[in-house]
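Have a look at the structure below, then the notes.
Only a predicted model underlies this, so the values are computations on that prediction, with no experimental measurement involved. Below, chain A is the first sequence line, B the second, and so on; all start at residue 1.
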Amino acid sequence: MASSSRISGMTLNALESALVGRLKTGSNAYYLSLSICAMLLFAGSVAGLQATIGGHHVFYGVTRQVSWGVLISTYIFFVVTSTGLCLVSSIGHIFGSKTFLPIAKRACFLSICTLLAGFFVIAAEIKVPIRMMVYNIISPNLTSNIWWMGTLYGVALGLMIVEFICLQINAHKVAIVAGFITVIAEIAANSNLAGVFGLLNGREFWHGPYLPIFFITSAVMVGSAALIFFCILAQKINGGEMAPEMKTCLSACRKVAILMICVILFFTIWRTVSTLAGMPNGQYVGVMAMLTGDYALSFWGGEILMTLIAPLVLFILSGGKRMRMMLVASALMVFGAFFMRYNMVIVGQVIPVYHDLGVTGSTELLKYFPTLNEIVVVLGGFGLVGFLFLQGEKIFNGHKVEEH
Amino acid sequence: MNKMKLKLDKLINEGVENLSVEERRGFLKMGLVVTGVFAGGSLLSVTSNVDKAFASANQFAEKYPYKPHYSMIMHIDRCIDCELCKAACAETNKVPNYGFRTQILERPIPDGIDQKREFLPVLCNHCNVAQCTRVCPTKATYKNQQNGIVMMDTSKCIGCLSCQLACPYNARYFNEEKWAVDKCNFCFDTRLSKGEKLTACSDACPAGVRVFGDLSNQRDRVYKEVHTVSRTVWVLRPEAGTKPNVFYTRG
């Protein structure tokens, strides 16, 4: 924090030279990673722009009935992760648990990055983004979960930027107020995002209160894993020994992650059991598609093994001390969560709306697979997060935190 | 039992002139309930379904006082899948070949004795509790407060496609030329607003499958058919709870 204080008293020229100086301290691997991320971001931007201009029906794999594809699931992946990062960081610098203080600045910064990545991906998904900017403001529909979700995430982004700036210039009181409102906005936005799916009566696979509870719990789970992942990576970028406070903090994050994995496992088991026992229309078909059908690999491999079981075992075995094991566990969970969101979004749509009517063409599940353009946009989102994270580590000098 | 019988036998008839008004009313009410349950039992399943499916049930009539309340009833046993309705719709409303506002579903009935399949024409159900209008973030799709038609204001559509996802009837598609979601509006802009009485699909149907009319008019055929208790009338996907205004029947 001492270095940040010095920065706030500098002239612009001095600030610029200080920042350039910091950026020059990276290793070759750092610059290579930065270049790869930048290229992914560029490629994703081109792919998204091409589809927006040339037509989504040409460049994306979405159809009339499967109208939301991998870009929506990726958007959910990023923004829910952002909510998780925000919530886990709030334990320390909003609610006063000193153990979580060392991650406060980095978590706030990463929460901004992941939210921006979400917006980047959704911009390529919305067909007429220009109209969105105008009519979201002048013609709001207050019964729409999408409107609330978008607006609240927008508010959260603005507040988090204020919070982050305040943390940099040691304006902690303002940071805490902004942070507290951000937490409320993020939780409300997250709930509305789940409500987009959960309130649709006509889609049995999604309908009900399960998704809002699942979303907020999995947000904290993935958020804590993402923090472990990025903090250990940051240590490798910045070099040196990890501070004991940071080790204690990551160990606490690991405990949060373990608890949340158990809760999500509990949810998943009971959702599956209740569906198999009652065989509710629509929902049963979807769950079977994940258990034994087209989405079995994505469910068992991505959602169960990568996101839940493997990280649970590795986190427990690591004892909070074996950093490499924790890095692997958190990486598995973060990338596994991508499949978790994908399954949720896609399986809900591949069940035709007239499935129970027994009409021709509606008895089988619909097909969807992402196109090259969609995959490149997704990679662009990851590139954006990676690029900002790598830059942030240098520009903000490893997000060092003093007690306040 | 015998004791009871003896006692009852010895009771003196008090007459009804000493009964209070409350007791009389209570007795009459109980009698009506019992009679209603037995006499109306055979009709109960039909009437309760009509009430559920009936889009202009009292609570909705109060909430959405549409006049006219446009509606359609499909006589599906008359449909032969000639698709003249689809062609008329596409021509009237300039529907591109990659999309449709209405389509005809085919349901195989392998165990059927008289026929092995039947056809179900589907289109926007102009639901009274429309999910599409609820989820639209910019009010680009909305219920017309005069006639209940679910309309599109294409200039406000951002193309998020949440309405497509919310619709339990697959009634919407994204029109690349309009840069907006497109859907059936009962030909409001192309026919009804110009004085025509029927939609293009209803007008084009040679078998009288699609009967279009006004549910708020008691002399209208749609009203009469929907309210005829002896006629079996149903809606598609009632579990979605959207109170649709497109009904199905046979005969």
- Note on the structure: Checked Glu239(B), Glu118(B), Arg172(B) vs chain A; the most non-hydrogen pairs under 4.5 Å come from Arg172(B)
With a 4.5 Å cut-off on side-chain heavy atoms, are [Y] and [X] touching?
X	Y	answer
Glu176(B)	Lys127(A)	yes
Val62(A)	Leu161(B)	no
Ser162(B)	Ile146(A)	yes
Thr154(B)	Arg131(A)	no
Met133(A)	Ile158(B)	no
Pro108(B)	Thr360(A)	yes
Trp206(A)	Leu165(B)	yes
Pro137(B)	Ser144(A)	yes

Contact part of [X] toward chain A, heavy-atom cut-off under 4.5 Å: side chain, backbone, both or neither?
X	answer
Glu106(B)	both
Cys167(B)	backbone
Arg237(B)	side chain
Tyr98(B)	neither
Leu236(B)	side chain
Arg117(B)	neither
Ser155(B)	both

- Under 4.5 Å, counting heavy-atom pairs only, tell me which of Pro129(A), Gly55(A), Pro140(A) racks up the most with chain B. Pro140(A)
- Message: Please identify, among Asn136(A), Leu357(A), Asn145(A), the residue contributing the most non-hydrogen atom pairs under 4.5 Å to chain B.
- Response: Leu357(A)
Got more than 12 heavy atoms from elsewhere within 6.0 Å of [atom1], [X]?
X	atom1	result
Lys178(B)	NZ	yes
Lys116(B)	NZ	yes
Glu177(B)	CD	yes

- Bottom line for Ile130(A): the part with an atom under 4.5 Å from chain B's heavy atoms is neither
- To the nearest 0.5 Å, tell me how far Arg134(B) CZ sits from Leu142(A) CG. 13.0 Å
- Query: What distance separates Arg203(A) CZ from Gln131(B) CD, expressed to the nearest 0.5 Å?
  - Reply: 11.5 Å
Quick check: does any side chain N or O of [X] sit under 3.5 Å from a backbone N or O of [Y], one acting as donor and the other as acceptor?
X	Y	result
Tyr354(A)	Tyr169(B)	yes
Asn201(A)	Gly241(B)	no
Trp68(A)	Cys160(B)	yes

- Audit row: Ser139(A), Lys139(B), side chain to side chain donor-acceptor pair (under 3.5 Å) steps and yes/no: CA-CA 6 Å; Ser139(A) 181; Lys139(B) 296 181 184 169; 5.5 Å; no
- Residues Leu200(A) and Ala166(B): closest non-hydrogen pair is CD2-CB, 3.5 Å
- Query: Could you walk me through whether Gln164(B) and Gln65(A) pass the side chain to side chain contact (heavy atoms under 4.5 Å, CB included) check?
  - Reply: CA-CA 7 Å; Gln164(B) 264 179 238; Gln65(A) 285 208 62; over 6 Å; no
- Query: Has Arg64(A) got its NZ or CZ under 6.0 Å from the middle of the six-membered ring of Phe100(B), at an angle within 45 degrees of the ring axis?
  - Reply: yes
